[in-house]
Amino acid sequence: MNKKLFRSRSNSRLTGLCGGLAQYFGLDATFVRLLVVIAAFCSFGTITLIYFILSLLVPKAPYDDYAVNSYSNY
């Protein structure tokens, strides 16, 4: 199976990047968000810059994946 990284449409707080990373690696999105916040403080903002660059480069999930993923959580 070929996995692709997308920004999440169903699990999005700011840009959906953490939600997409969580889906890609099979982790909880809250855990990924917490890691990003801790890393941002420890890296003096470098992670914040990388986060926003990745948010521009990583595409949003297609709508057909959004419909499947949003209803599978119920």
Visitor: Nearest 0.5 Å please: distance from the CZ atom of Phe41 over to the OG1 atom of Thr48.
Guide: 8.5 Å
Visitor: Working to the nearest 0.5 angstrom, can you tell me the gap between Cys18 SG and Leu54 CG?
Guide: 10.0 Å
Visitor: Side chain to side chain contact (heavy atoms under 4.5 Å, CB included) between Arg33 and Asn11: does it pass, once the steps are laid out?
Guide: CA-CA 11 Å; Arg33 287 184 187 105; Asn11 196 356; 3.1 Å; yes
Visitor: For Thr15, does its backbone N or O pair with a side-chain atom of Arg7 as donor and acceptor, under 3.5 Å?
Guide: yes
Visitor: Does any non-hydrogen side-chain atom of Leu21 lie less than 4.5 Å from one of Leu17?
Guide: yes
Visitor: Is a side-chain N or O of Ser12 found less than 3.5 angstrom from the main chain of Arg9, in a donor-acceptor match?
Guide: no
Visitor: Between Val32 and Gln23, is any pair of side-chain heavy atoms under 4.5 Å apart?
Guide: no
Visitor: Measure the spacing between CD1 of Ile47 and CZ of Phe52 and express it to the nearest 0.5 Å.
Guide: 12.5 Å
Visitor: Are side-chain heavy atoms of Tyr51 and Leu14 found at a separation under 4.5 Å?
Guide: yes
Visitor: What closest approach, in Å, do Ala29 and Gly19 show between heavy atoms, and which atom pair accounts for it?
Guide: CB-CA, 4.3 Å
Visitor: Taking Ile50 as the starting point, is it possible to reach Ile38 by hopping between hydrophobic residues whose side chains are less than 4.5 Å apart?
Guide: no
Visitor: Are Phe6 and Phe25 co-members of a hydrophobic cluster defined by side-chain heavy atoms under 4.5 Å apart?
Guide: no
Visitor: If we only count heavy atoms from C-beta on, is the Ser8 to Lys60 side-chain gap below 4.5 Å?
Guide: no
Visitor: Are Leu49 and Leu35 in one and the same hydrophobic cluster, where Ile, Leu, Val, Met, Phe, Trp and Tyr link if side-chain heavy atoms are under 4.5 Å apart?
Guide: no
